[in-house]
Amino acid sequence: MVYLSKSPWILHYDASSCNGCDIEILACLTPRYDVERFGILNTGNPKHADILVITGGVNEQNRSVIQNLYDQMPNPKVVVGVGVCACTGGVFKECYNIAGGVGEILPVDVWVPGCAARPEQIIDGIVKALGILEQKRAEMSRAEAGA
Amino acid sequence: MIDAKLITVMYVELLLFLILFPLIPALILTVLRNENLRAIVVTAGAGISALGSILLLAFSVGQNQLFFTVPAPDIALVMLVLEILIAGYLVIVSAKAKQFLVIGFVLLQLLLIGGAEYLGLEGHSKVPDLLTDEFSAIMAVIIGVIGGLICIYALGYMREYQEHHKDLPDNRPKFFAVLFLFLSAMFGVVFSNNLIWMYFFWEVTTLCSYLLIRYPETEEAINNAFRALLYNLIGGACFPIAIIYILVNGGSENLGIGSLIAAGPAIALIPASLIAIAGCAKSAQLPFSSWLVGAMVAPTPVSALLHSSTMVKAGVYAIARFAPVFDGQVLGMVIALIGGVTFLVTSCIAISQSNAKKVLAYSTIANLGLIVACAGVGTPEALWAAIFLIIFHAISKSLLFLSVGTVEHRIGSRDIEDMTGLAAPMPKVGLMMLIGIAGMFLAPFGMLISKWASIHAFSQALPPFGMILIVILAYGSAVTVFFWAKWMGKLLEVRKWEESIEFKISKAEWAALIPLTALTIIACFGIAPISTYLIEPFLVTMYGKISDLIPASNLMIMVLMLALIVVLPVLMMKILIPRRSLRRYMGGVTVKDGVMEGSLGMKREIALSNLYLEDLFPEAGLSKYGSVITIVLFCVLLLGLISGGVL
Amino acid sequence: MITILTAVAFLIFAPVIGVLVSGVDRIITARMQGRVGPPVLQPFLDIAKLFEKEKVGVWQAPAVLIFLHLAFMVVTGLIFFGGGDLLLAIFALTLSEVFLVLAAYSTRSPYAHVGAGRELIQLIAVEPVIIIAAVGFYMVTGSFAASDIMNYSGLPVILLPGIFISVVCILTFKLRKSPFDLSTSHHAHQELVKGVMTEFSGSTLGMVELAHLYETVILLGIIYLFFVGNPLLAILAIIVVYMLEILADNSTSRVKWLPALRGAWLITLILGGGNIIALSLL
Ligand code: SF4
């Protein structure tokens, strides 16, 4: 029963990134990195996703959006913050509209720093997230069995 | 053991009883203004008719086709007088409304039937007046049971109707009286053997239809009533011509349906085709179909009773009666093609309609077209399909009409778009509607089985017509899936669970809706017995020998599928249902469920509208092309008739 | 007896075959794009994962309707491979599809709503061809029963070339492949997210995927029937046809629904309808 980590589907949300990190995420899908090798798919739909990948910091406009997307994902789920912006707000930290990193509103499981984060790093981060995902699944099934 | 003679006597008495009995409540109801008493009379009248028809069906099992002569020699004269009176009435009302074309056709028909009576008077008693067999008995049950249920439903419906339409005069005594008069006439049509009798009852149903369409007395209603009258009269004119043809060519002994069919296509083909034209008009086939769509202005029970489950079935009944005559004939194939084209075109038009009653009207025309197609093909298998189509269509369609009527009074609209998520505020009626719709087109239900049988039948029909019909059917049934499924979907688009508003529905309406729903399902389980005990014996009488129809094992699979649909959800519910409810995904900008936030903080509730594809299936354009094609086919038919059926 | 065995075999092996076909499909697609692609068993891993997830939904109805979708897809296969009436199998297939559409509607998601409408359009684009194909088989072999058709010793495709081409065309709709992946697809599209599937998650989505595996096998079974007299040729034909589908999937972009519908209907009418009418006159 380790299927979850063999087929992680991703929801990528661009909070307020400069698009640098987004391009790097898309690069992961290209022939050079080809994350589908690990069964990773970019779903674009929280209902189907296991991993929420967020680039850029949280701003006042998309606070509720990020919360919504996270709430709409079925358990077990993990959050990966990609890029310095997602970690702390990065270069935009002092902007009038930036609330800070994703950690302000969501329980982030893996941080992938870098400006922009390199595809290798991103893949590494997601692989790390898989471990946490598996842990959460085990907890969930234990809770279900107990209940 | 009751001896055979006694049974015959009881039989003929039952037939006469069924024809004459509804006249009693009809008479009582004309004078009765008290609502409670009316309810009692209607319920009793409907109940007795229903029981009588069921008894008749029970009698007919295992019996041969029986013919009777009513021992009343002057009855022909009475009918002629009544016909003249009806004609006189129609002339007066049409003159008032300046409908001169109608007057013309009334007089033409009177002339024709007068001529026929004159020709046939001396030979009149040679043919038995009444007949009964399994087919008639099935029709009688449809009229008695479904008709009865609709009459009871009308009690509740019409009370609310008058409340909703305060401006309209309360003519309910007349309304119910005409309903029962109509039941009597319908029994007459399906029990007539003598074509002159059949014609008489036929005209009475036309009259009833006219009176009931006109009931709201709005300008639109009156116009539509006259249109219905006109089209039915145009078609009806072929009926006396057929009678005259028989009298001139074959002698009066062929005036009975039984003897005419027995006489074989050489004699029967031309009169049968003429009657088929009358049947096409009555069953609203293209190009006549617009009267049926117009007839939807009448109160919903009328649409359910006359314009979907019984009166329009009289037309296809007449054609199906003569199906053995059409077997293997090119003329029969032309009639089948008229039905086929009607089926395809009106199914396409139904896609573009959002008015529920119009969808039902077009789908009724379409299904009648399919029945005409089967009857025109005329092989035993096609007739099997036609009879099953008649049965299942009558049940499911009346259920649908009645549930639409009920919904209309609750939500104040008959538009399908307004029924979004109806399953929440009206769970029971919603479920009934879903069952009714499923009954119209989905696999284990009756209509689909009949469609399936018709494909089997068409594939053996006269090439290349059979294949053309199959292509038509293949497209038509695809289109059918489209408009029914999107309607079902609309009912299921539930926003959130709300308070049920069903408590306001009257007992009378429930009393009709629940049995009809039950019938929709039970009839599907009963296909095999209906086929073996009723329809196959009938086919053997008509054709002598029949090859095997739909194999029983396949029917079993159908029944199993139906059982699966019922059982699986109940069994799996516990395992399947979600443990946690999530908001709908709407790009993350959901404020609360179903409400999204747009630019500048504007909050909007989502509104979903179905596809109607008006550009692809325009109502006006399609009916125009359909009419042109069918008119050409009718011309071919007439040419064939004039050239003596040599085609 | 043999037919019952095939039916049982279908129940068990269809998902296996389906997984392999779709796994190979994904690898070939990846290779066409210069990628390595996922393991062959990836479709299985995906479905297994979906069943591990939490059961969530908008309300109760969609999951139940989806289960019926799956159940009747299996019934379709049982009828088809059990040697039953071809038309009956087609109607069961339609029933199954309608359950999917109803489930999509019942979620009341805007994306699923649009997807459901398009799914219905695809349904009406496809339905005529399949019925005509069944009648074509009847005309060639004299029976609607799949078991009789499977015992036919010739190659029906010789008499049914028009129908075969139409079936290959509509296969693209059924396999949800570009250019006809209108209602949903294997890749998310911006304007309708995942279309009909948008609101299904966890085991509900798993059931949809499973049903699709069964459906794929049934469709390939229909292709098989065209070459029934020669199993080797039949398998070759299936491979060639499937390759063509993958090629089309990767080399075309989606069309709008209107041209798709018109095209499908026209091809069906001319090639399919023409084929059986001509055949009946022979
Ligand atoms: S981390 Fe750098 S590249 Fe990434 S979004 Fe922030 S500024 Fe852009």
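Chain identifiers are assigned alphabetically (A, B, ...) following the order of the sequence lines, protein sequences preceding nucleic acid strands; residue numbering begins at 1 within each chain. When reading the values below, keep in mind they use all heavy atoms of this one structure, side chains included, and skip hydrogens, waters and symmetry mates.
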_For the CD1 atom of C:I276 and the CD1 atom of B:I470, what is their distance to the nearest 0.5 Å?_
5.5 Å

_Per-residue contact mode, C:I130 against chain B (heavy atom under 4.5 angstrom)_ = neither

*Within a strict 4.5 Å, meaning less than it, do heavy atoms of the C:L123 and B:F482 side chains meet?*
no

*If you count heavy-atom pairs under 4.5 Å between each of B:I577, B:L613, B:L582 and chain C, which one has the most?*
B:L582

*Please tell me if the side chains of C:L88 and B:M558 come closer than 4.5 Å, counting only heavy atoms from C-beta onward.*
yes

_Is there a side-chain contact (heavy atoms from CB on, under 4.5 Å) between C:V64 and B:M572? Walk through the geometry before answering._
CA-CA 8 Å; C:V64 177; B:M572 300 298 292; over 6 Å; no

_Less than 4.5 Å apart, side chain to side chain, heavy atoms only: is that true for C:L65 and B:L492?_
yes

*In Å and rounded to the nearest 0.5 Å, what is the CH2 to CZ distance from B:W452 to C:F144?*
10.5 Å

_From C:Y111 atom OH to B:M586 atom CE, the distance as rounded to the nearest 0.5 Å_ = 8.0 Å

_Interchain contact, B:T480 with chain C, by part (heavy-atom threshold 4.5 Å)_ = neither

*Quick one: closest heavy-atom pair of B:G489 and C:L102, and the distance?*
N-CD2, 3.5 Å

*Can you tell which of C:H113, C:M139, C:Q60, C:E54 has the highest number of heavy-atom pairs within less than 4.5 Å of chain B?*
C:H113

*Identify which of B:D615, B:V479, B:L442 forms the greatest number of heavy-atom pairs closer than 4.5 Å to chain C.*
B:L442

*B:E493 side chain to C:T107 main-chain N or O, any donor-acceptor pair under 3.5 Å?*
no

*Against chain C, label B:L608 side chain, backbone, both or neither, depending on which of its atoms sit under 4.5 Å from a heavy atom there.*
both

*Which bit of C:I66 is near chain B, if near means a heavy-atom gap under 4.5 Å: side chain, backbone, both or neither?*
neither

*Would you indicate whether C:R262, at its atom CZ, is surrounded by more than 12 heavy atoms from other residues, nucleotides or ligands within a distance under 6.0 Å?*
no

_Contacting region of C:L279 [heavy-atom separation from chain B under 4.5 Å]_ = neither

*Proximal component of C:V56, with respect to chain B [non-hydrogen, under 4.5 Å]*: both

*asked:* Quick check for you: among B:V481, B:V494, B:V471, which has the greatest number of heavy-atom pairs under 4.5 Å with chain C?
replied: B:V494

_Using side-chain heavy atoms (C-beta onward) and a distance below 4.5 Å, is C:L120 in contact with B:W484?_
no

*Might you confirm whether atom CZ of C:F51 has over 12 heavy atoms from other residues, nucleotides or ligands at distances under 6.0 Å?*
yes

*Spacing of CD1 belonging to B:I575 relative to CZ belonging to C:F67, to within rounding of 0.5 Å*: 7.5 Å

_Can you tell me which portion of B:M561 sits under 4.5 Å from chain C's heavy atoms? Options are side chain, backbone, both or neither._
both

*Are C:F91 and B:I449 side-chain neighbours, meaning at least one heavy-atom pair lies under 4.5 Å?*
no

*Would you check if the side chain of B:R580 reaches a backbone N or O of C:K55 as a donor-acceptor pair within less than 3.5 Å?*
no

*Nearest 0.5 Å please: distance from the OH atom of B:Y585 over to the OG1 atom of C:T198.*
8.5 Å

_Check: C:W265 main-chain N/O paired with B:Y475 side-chain donor or acceptor under 3.5 Å_ = yes

_Under 4.5 Å from a heavy atom of chain B, the part of C:V135 involved_ = side chain

*Is it the backbone or the side chain of B:N610 that comes under 4.5 Å from a heavy atom of chain C, or both, or neither?*
both

_Gap separating the CD1 atom of C:I124 from the OG atom of B:S347, nearest 0.5 angstrom_ = 11.0 Å

_Counting only non-hydrogen atoms closer than 4.5 Å, does C:T204 touch chain B with its backbone (N, CA, C, O), its side chain (CB onward), both, or neither?_
neither

*Using non-hydrogen atoms only, which part of C:A116 is less than 4.5 Å away from chain B: side chain, backbone, both, or neither?*
neither

_Portion of C:V98 that has a non-hydrogen atom of chain B nearer than 4.5 angstrom_ = side chain

*asked:* With a 4.5 Å cut-off on side-chain heavy atoms, are B:I557 and C:D85 touching?
replied: no

_Interface moiety of B:F465 toward chain C, non-hydrogen atoms closer than 4.5 Å_ = neither

_Contacting region of C:L68 [heavy-atom separation from chain B under 4.5 Å]_ = side chain

*asked:* At a 4.5 Å cut-off on heavy atoms, which part of C:L269 comes close to chain B: side chain, backbone, both, or neither?
replied: both

*What part of B:M596 lies closer than 4.5 angstrom to a heavy atom of chain C: side chain, backbone, both or neither?*
neither

*Segment of C:L95 engaging chain B (4.5 angstrom heavy-atom cut-off)*: both

_Stepwise side-chain contact (heavy atoms from CB on, under 4.5 Å) test for C:Y105 and B:M488_ = CA-CA 9 Å; C:Y105 271 120; B:M488 287 177 104; over 6 Å; no

*Is it true that a side-chain atom of C:Y138 and a backbone atom of B:Q460 form a donor plus acceptor pair closer than 3.5 Å?*
no

_Residue pair B:P578 / C:G57: nearest heavy atoms and the distance that separates them_ = CB-N, 3.4 Å

*Between B:P464 and C:S280, which heavy-atom pair has the shortest distance, and what is it?*
CA-OG, 3.6 Å

*Can you tell which part of B:I606 gets under 4.5 Å to a heavy atom of chain C, answering side chain, backbone, both or neither?*
both

